[in-house]
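Following: one structure in C-alpha cells, then a few remarks.
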Amino acid sequence: LVQLLPAPAHVANRGQFVDSFFIQKITDSNDNLIYEHVVQPDQVVSEQTAYLMTDMLRTVVSNGTGSRVKSRFKHNDRVPIVGKTGTTSDDYDLWFVGFSPDVTLGLWVGYDKPSKLKDTNRAKYLWADVMNELVESVPDLFVTESFEKPDGIVTKTVSKVSGKLPSELVLQEKLTV
C-alpha cells in the first residue's frame with residue numbers, strides 16, 4: 001500500500017509529487033526548532049492531466065466499482081471524493097485508494113498468508129468509515145470544496161454512437177454524453 005499511495009497522491013495534488021515523511025517538526029523543551037521537514041514538490045504530470053485523471057476516478061465512486069464508498073460516506077454534500085478499487089483475481093487482497101482535494105487515503109484488506117476474502121466490499125466500507133471519522137474528528141483537514149478545473153480543459157458534448165461531435169439529428173434524438 002505504501003508503494004501504491006504516491007500515484008493517487010500526486011494526482012490529488014494537481015500533478016505534484018511530494019515525498020512521504022513521518023516527522024514534520026522537532027523542538028526541544030524550550031520550543032527551539034531542532035528539525036523541520038521542508039516539502040519539495042516536483043511537478044510530474046501537468047495540472048490538466050491530473051484533473052482529467054481525477055475526473056475519470058470520480059465515476060468509479062459515482063457509478064462504478066467504488067459506488068459502495070459513496071453510499072457509506074456521510075459527507076458527500078461537502079467533501080468530494082474520488083477513488084479506485086483493486087483486488088487480486090482470487091479475492092485474496094482488496095484495496096481502495098481514494099482522495100478528496102485535501103486528503104489521500106489508501107486501505108488494504110487481506111491476510112499475511114493468502115486466503116479468500118468473503119466480503120469483497122470490505123475495503124470500500126472501511127475506507128468510507130475511516131474518512132467519515134477523519135471528517136468528523138479533524139474537519140480542518142477538509143477545507144477545499146471541489147476539485148478545481150485548471151485552465152486548458154475544454155468540455156465538449158459527443159455522440160454516444162460515434163464518439164465524435166454530434167450532428168443535429170444526434171442532438172435531437174438525445175444520443176449524446
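Position 1 is the first residue of the sequence; numbering continues from there.
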Using the test side chain to side chain contact (heavy atoms under 4.5 Å, CB included), find all partners of [X] that sit at least two apart in sequence or belong to another chain.
| X | value |
| --- | --- |
| A9 | T104 |
| Q48 | S46, P150, I153 |
| L105 | W127, V130, M131 |

Counting only heavy atoms not in D112 (residues, nucleotides, ligands), do more than 12 fall under 6.0 Å from its CG? no

OH (Y35) with more than 12 external heavy atoms under 6.0 Å: yes

What residues, two or more places apart in sequence or in another chain, satisfy side chain to side chain donor-acceptor pair (under 3.5 Å) together with [X]?
| X | result |
| --- | --- |
| N121 | K124 |
| K160 | none |
| Y125 | R68 |

What's the separation between atom CG in L94 and atom CG in D119, rounded to the nearest 0.5 Å? 8.0 Å

Got a second to check how far Y111's OH is from Y92's OH, nearest 0.5 Å? 12.0 Å

What pairs of residues pass the side chain to side chain donor-acceptor pair (under 3.5 Å) test when at least one of them lies in residues 166-177, not counting sequence neighbours? none

Salt bridge (Lys or Arg N to Asp or Glu O under 4.0 Å) partners of R58, counting only residues at least two apart: D55

What pairs with D91 under salt bridge (Lys or Arg N to Asp or Glu O under 4.0 Å), at least two apart in sequence or on another chain? K116

Is [X] linked to [Y] within one hydrophobic cluster, defined over Ile, Leu, Val, Met, Phe, Trp and Tyr using a side-chain heavy-atom separation of less than 4.5 Å?
| X | Y | value |
| --- | --- | --- |
| L126 | W95 | no |
| V11 | L107 | no |
| M56 | V82 | yes |
| V109 | V69 | yes |

Heavy atoms only: give me the nearest [X]-[Y] pair and the separation to one decimal.
| X | Y | answer |
| --- | --- | --- |
| T157 | L165 | O-CD2, 3.8 Å |
| G66 | F96 | CA-CE1, 4.3 Å |
| A12 | F99 | CB-CD1, 3.1 Å |
| P80 | S146 | CG-CA, 3.8 Å |
| V158 | P166 | CA-CD, 4.0 Å |

Please, which pairs that meet salt bridge (Lys or Arg N to Asp or Glu O under 4.0 Å) have at least one residue in residues 34-44, sequence neighbours excluded? none

Has N63 got a side-chain atom pairing as donor or acceptor with V60's backbone, closer than 3.5 angstrom? no

Would you say T87's side chain and D93's backbone share a donor-acceptor pair under 3.5 angstrom? yes

Measuring only between side-chain heavy atoms, which start at C-beta, is [X] closer than 4.5 Å to [Y]?
| X | Y | value |
| --- | --- | --- |
| R122 | L117 | no |
| E148 | E47 | no |
| V61 | F73 | no |

Return a table of donor-acceptor pairs under 3.5 angstrom between the side chains of residues 132-144 and protein atoms on other chains or two or more places apart.
from	atom 1	to	atom 2	distance (Å)
N132	OD1	K74	N	2.8
N132	ND2	R72	O	3.2
N132	ND2	A128	O	3.1
E136	OE2	H75	NE2	3.1
S137	OG	E133	O	2.7
T144	OG1	D102	OD1	2.6
T144	OG1	D102	OD2	3.3

Donor-acceptor pairs under 3.5 Å, side chain of residues 15-27 to any protein atom, not counting sequence neighbours: which ones?
from	atom 1	to	atom 2	distance (Å)
Q16	NE2	Q43	OE1	3.3

